[in-house]
Number of protein chains: 4
Amino acid sequence: MSTAPRTARGNRTRAKLLEAAEAVFASVGYHEASIVKITEAAGVGLGTFYLYFDGKQAIFDEVVEDLNRRVRHAMTDAARNAANRMEAERAGFRAFFRFTAQHPALYRIIRQAEFVSPGALRLHYTRIVNGYIEGLKSAQAGGEVRDMDPTVAAWALMGIGELIGMRWVLWDEEGAPPVEGARPEVPEEVFEEMMQFIERGLAPDTRPSSTPPQEGTLP
Amino acid sequence: MSTAPRTARGNRTRAKLLEAAEAVFASVGYHEASIVKITEAAGVGLGTFYLYFDGKQAIFDEVVEDLNRRVRHAMTDAARNAANRMEAERAGFRAFFRFTAQHPALYRIIRQAEFVSPGALRLHYTRIVNGYIEGLKSAQAGGEVRDMDPTVAAWALMGIGELIGMRWVLWDEEGAPPVEGARPEVPEEVFEEMMQFIERGLAPDTRPSSTPPQEGTLP
Amino acid sequence: MSTAPRTARGNRTRAKLLEAAEAVFASVGYHEASIVKITEAAGVGLGTFYLYFDGKQAIFDEVVEDLNRRVRHAMTDAARNAANRMEAERAGFRAFFRFTAQHPALYRIIRQAEFVSPGALRLHYTRIVNGYIEGLKSAQAGGEVRDMDPTVAAWALMGIGELIGMRWVLWDEEGAPPVEGARPEVPEEVFEEMMQFIERGLAPDTRPSSTPPQEGTLP
Amino acid sequence: MSTAPRTARGNRTRAKLLEAAEAVFASVGYHEASIVKITEAAGVGLGTFYLYFDGKQAIFDEVVEDLNRRVRHAMTDAARNAANRMEAERAGFRAFFRFTAQHPALYRIIRQAEFVSPGALRLHYTRIVNGYIEGLKSAQAGGEVRDMDPTVAAWALMGIGELIGMRWVLWDEEGAPPVEGARPEVPEEVFEEMMQFIERGLAPDTRPSSTPPQEGTLP
DNA sequence: GATGAATGAGTGTTCATTCAT
DNA sequence: GATGAATGAACACTCATTCAT
């Protein structure tokens with residue numbers, strides 16, 4: 001059974017392992033990632049691994065957890081000072097793509113999780129989606145978003161972000177399988193088109209018939 | 001080196017292997033799927049496998065290829081007799097979800113492909129997206145869809161379908177990781193909400209300023 | 001899951017492994033015996049082992065079973081043509097020591113079994129003891145052995161054989177730990193002393209005072 | 001290299017380790033017993049172990065030594081105030097079984113010693129047997145035991161005690177492999193049958209026909 | 001005197017692949 | 001065309017031992 005580190009040195013070792021694991025999982029995937037590769041990348045002995053983690057699964061779960069926490073923080077931080085809901089949405093998506101660009105691990109690891117750790121996978125998506133849902137609800141309360149089921153909308157947004165990110169952040173132009181390292185973010189035009197699509201999908205109805213006040217301005 | 005079957009018996013054997021492989025990959029994933037499991041499921045000898053396929057990767061690629069062809073046929077078939085573009089879109093999505101429900105393998109196998117066979121993964125998405133793009137282009141020509149970049153729209157649609165499908169088709173309610181076997185399709189309300197979202201996102205502008213005829217009705 | 005061999009070649013391989021395992025277990029003990037050592041001794045590939053046995057424990061159990069069967073056969077065969085019970089006992093013990101001399105594995109493996117496979121250990125002793133018990137019972141019926149609890153007597157005999165065998169068959173004079181290879185049997189004087197001890201322990205009472213009644217029935 | 005403790009505190013630590021080791025070896029066997037388990041059971045740090053013992057083997061040897069000393073003391077103490085040789089024998093066996101019941105470790109550890117520390121094993125048996133031999137010799141001098149080779153007799157007694165003890169002290173009725181904890185001693189009937197067997201095996205010849213006094217009754 | 005983080009050789013086991021039948 | 005016995009590289013994981021603190 002692995003133990004939490006009790007010393008500063010132990011804390012450092014554990015962190016090195018976690019970081020190395022993220023990199024290795026991201027670059028070769030869960031199954032090709034051997035403990036030896038991880039410990040070598042971390043610069044520690046093989047046995048050391050088992051001082052801090054119960055096994056390959058365990059560190060994988062922690063990596064997923066960690067990435068999930070970080071991407072959500074990145075998104076909420078970015079959305080914090082937005083003027084309105086739509087600005088917040090844009091900021092959130094930008095942060096998401098930026099994070100993806102800096103941590104390609106996110107996608108690659110999450111996709112592996114399907115078979116490796118289904119629970120972790122669901123938790124990951126659910127947490128992000130829940131963030132969307134909350135945002136959408138308050139936007140609906142403020143009249144900024146039309147009255148649709150926020151859960152459906154949230155999953156739709158998640159899907160849009162996921163595949164747009166995959167296509168424009170992860171896939172290098174017509175190239176080889178993506179590897180680690182920083183990547184360009186989503187091109188501005190693409191981002192704008194995507195946001196237009198989302199905003200229209202969520203926009204409240206503006207049918208003239210439903211806005212009597214304007215009619216009052218008529219002569 | 002594998003050989004194309006030369007006899008009718010050989011054709012049958014090859015088909016049995018392909019079918020078995022799909023089932024095995026879908027239920028336990030690529031890495032847990034051993035050649036022995038596949039040949040046992042197919043009811044043939046272990047050595048026979050290598051008469052028809054060059055290896056595990058090779059049969060995996062063929063399974064992906066096969067699934068991709070089938071899901072696209074299902075979608076285009078469904079959309080064929082649609083009255084207009086939006087009807088076609090609805091029919092396509094429905095077909096996509098139905099196929100997913102009947103072949104959970106689709107998702108599960110595709111997600112594995114990221115590391116196993118990146119080329120196959122990209123081909124899969126690209127082919128479906130290309131179908132969307134074509135449809136969107138012709139809809140734009142007919143004025144049914146607004147003038148946005150059809151590629152961005154296509155990837156957005158793909159993402160929506162992917163995650164809505166994952167959430168409502170593959171995940172059993174609050175439960176264990178999805179396994180094989182047929183599942184319920186997406187609930188009607190969810191489908192409708194999703195389609196509303198998409199339709200609004202794609203709908204041509206109906207700004208009064210751009211529709212002078214309406215202005216003429218004013219006094 | 002291991003499979004029974006289906007071919008003659010497979011049968012040979014399995015037998016080679018079993019024989020090699022007996023030798024390796026006997027010479028270095030269960031824990032030091034690695035599968036590699038066994039397969040090398042058997043002259044087969046490492047992976048081949050798992051075609052025939054489920055693991056180290058499994059082959060160990062089979063080796064114990066096998067040794068047990070053989071030692072019992074050796075004993076009953078030897079006792080078969082004995083004139084009377086006591087002759088049978090002597091023949092049985094001689095066979096036991098001879099077997100031990102030729103298969104030092106017997107002792108060494110059995111002693112290991114305590115922790116490795118307690119069930120196998122108990123079965124081993126119980127089976128041999130049961131043989132003794134039966135023999136003792138019929139000897140009692142014939143008046144050759146006094147009326148004591150045959151189970152207690154059987155375990156006592158077992159113990160005598162075990163430790164006399166250990167001392168005179170397995171331990172080379174004042175020397176290093178015993179290794180494999182044939183050894184001298186128990187010296188004749190020791191054997192004779194031991195049998196005397198046993199025979200007296202089992203001999204029926206011959207007090208004249210206890211049999212006069214029968215004599216009294218004579219005319 | 002381990003050091004003898006120099007302080008009272010050190011003495012206590014060493015004793016704790018020895019006690020813990022006996023318990024751990026007894027319950028899981030030599031190979032499953034890890035130094036960590038022992039130090040945890042002793043309530044000391046892992047590194048501390050190597051302050052007092054050179055390694056796993058070394059502490060094992062000490063545990064064997066210790067158990068051997070204690071069982072012999074138990075036996076000689078019990079036999080000390082016996083009226084005659086046979087009483088002493090009975091008392092010794094009783095003490096042996098009682099010790100076994102209270103320290104199942106004895107058997108379990110001894111059986112492991114075969115491969116772990118063959119020297120320790122031989123020393124253990126030899127010491128106990130030597131005690132028997134001495135006792136038998138003096139009994140022979142006193143005419144209480146017949147004139148047989150005392151070494152053979154001693155090993156026979158050892159064997160009887162060993163297997164009767166194993167069967168009735170260690171094996172719970174028809175049950176699972178024995179674990180630690182106190183156990184019932186050998187049932188009285190069994191003990192009595194065993195002693196009868198031994199006494200007859202050792203008893204001096206008392207054939208009336210061979211006793212000259214009777215001859216004197218002849219005319 | 002005491003500690004526990006670090007190490008890496010060694011183990012059991014799996015499985016894609018080959019090839020003689 | 002079909003088979004399955006044989007192979008060995010590769011992996012996750014354990015644990016006795018060392019040593020800096």
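In what follows, chains are A, B, ... by sequence order, proteins preceding strands, each numbered from 1. Just so it is clear, the values below take in all heavy atoms, side chains as well, and ignore hydrogens, waters and symmetry mates.
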Q. If you round to the nearest 0.5 Å, how far is OH of C:Tyr50 from OG1 of C:Thr39?
A. 9.0 Å
Q. If each of C:Gly55 and D:Thr7 is mapped to the nucleotide of DNA chain E with the nearest heavy atom, which maps nearer the 5' terminus, i.e. the 5' end?
A. D:Thr7
Q) Who passes side chain to side chain contact (heavy atoms under 4.5 Å, CB included) against C:Gln57, sequence neighbours left out? A) C:Tyr30, C:Asp61, C:Val116, C:Ser117
Q: Scan residues 21-46 of chain C for pairs that pass salt bridge (charged side-chain N to carboxylate O under 4.0 Å, His left out), counting only residues two or more places apart or in two chains.
A: C:Glu22-C:Arg70
Q) So what is the 5' to 3' dot-bracket string for DNA chain E, if pairs are Watson-Crick or G-U wobble with both distances under 3.5 Å, crossing pairs use [ ] and | means the partner sits on another strand? A) .||||||||||||||||||||
(Q) With a 4.0 Å cutoff (strictly under), does any side-chain N or O of A:Thr48 reach OP1 or OP2 of E:dT7? (A) yes
**Q.** For DNA chain E, the residues among residues 29-42 of chain A that have a non-hydrogen atom under 4.0 Å from it
**A.** none
Q | Protein-nucleotide distance (B:Gln57, atom CD; E:dC15, atom C1'), rounded to Å | A | 16 Å
**Q.** Euclidean distance, atom CG of residue C:Asp54 to atom C1' of E:dG12 [Å, nearest integer]
**A.** 13 Å
Q) Under the side-chain contact (heavy atoms from CB on, under 4.5 Å) criterion, do A:Glu114 and B:Gln112 qualify, and how do the steps go? A) CA-CA 8 Å; A:Glu114 170 92 43; B:Gln112 295 261 318; 5.6 Å; no
Q. Under 4.0 Å between a side-chain N or O of D:Arg9 and OP1 or OP2 of E:dA2?
A. yes
Q | Phosphate contact (F:dA6 OP1 or OP2) by C:Thr13 side-chain N/O below 4.0 Å | A | yes
Q | Nearest-nucleotide 5' precedence on DNA chain F, B:Gly45 against C:Leu46 | A | B:Gly45
(Q) Is the phosphate of E:dT17 approached by B:Tyr50 (side-chain N or O, under 4.0 Å from OP1 or OP2)? (A) yes
Q) In whole Å, what is the span from the CG atom of D:Leu17 to the C1' atom of E:dG1? A) 13 Å
**Q.** Partner of B:Phe53 under side chain to side chain contact (heavy atoms under 4.5 Å, CB included), chosen from B:Thr48, B:Ile35, B:Leu18, B:Ile38
**A.** B:Leu18
Q: Specify the residue among A:Lys56 and B:Val44 whose closest nucleotide of DNA chain F lies further upstream toward the 5′ end.
A: B:Val44
(Q) I'd like to check the side-chain hydrogen bond (donor to acceptor under 3.5 Å, both in side chains) partners of A:Glu19; sequence neighbours left out, ordered by chain and number. (A) none
Q | Donor-acceptor under 3.5 Å (A:Arg111 side chain, B:Arg111 main chain) | A | no
Q. Does B:His124 have any ring-ring contact (aromatic ring centres under 6.0 Å, His included) partners at least two apart in sequence or in another chain, and if so, which?
A. none
Q) If only side-chain N and O atoms of B:Tyr52 are considered, is one of them under 4.0 Å from the OP1 or OP2 phosphate oxygen of F:dG1? A) no
Q) After noting the C-alpha distance and the side-chain angles of A:Glu65 and A:Asn68, does the key distance pass the side-chain contact (heavy atoms from CB on, under 4.5 Å) rule? A) CA-CA 5 Å; A:Glu65 182 87 18; A:Asn68 178 262; 5.8 Å; no
Q | C:Gly47 or A:Phe49, whichever maps to the more 5' nucleotide of DNA chain E | A | A:Phe49
Q: Measure from CG on C:Leu51 to P on F:dT3 and round the result to the nearest Å.
A: 17 Å
(Q) Contact between A:Leu17 and A:Phe49 at the side-chain level, heavy atoms closer than 4.5 Å - yes or no? (A) yes
Q. D:Ile59 has an atom CD1; how far is it from atom P of F:dA16, in whole Å?
A. 12 Å
Q | Integer-rounded Å distance: E:dT18 P and B:Phe53 CZ | A | 16 Å
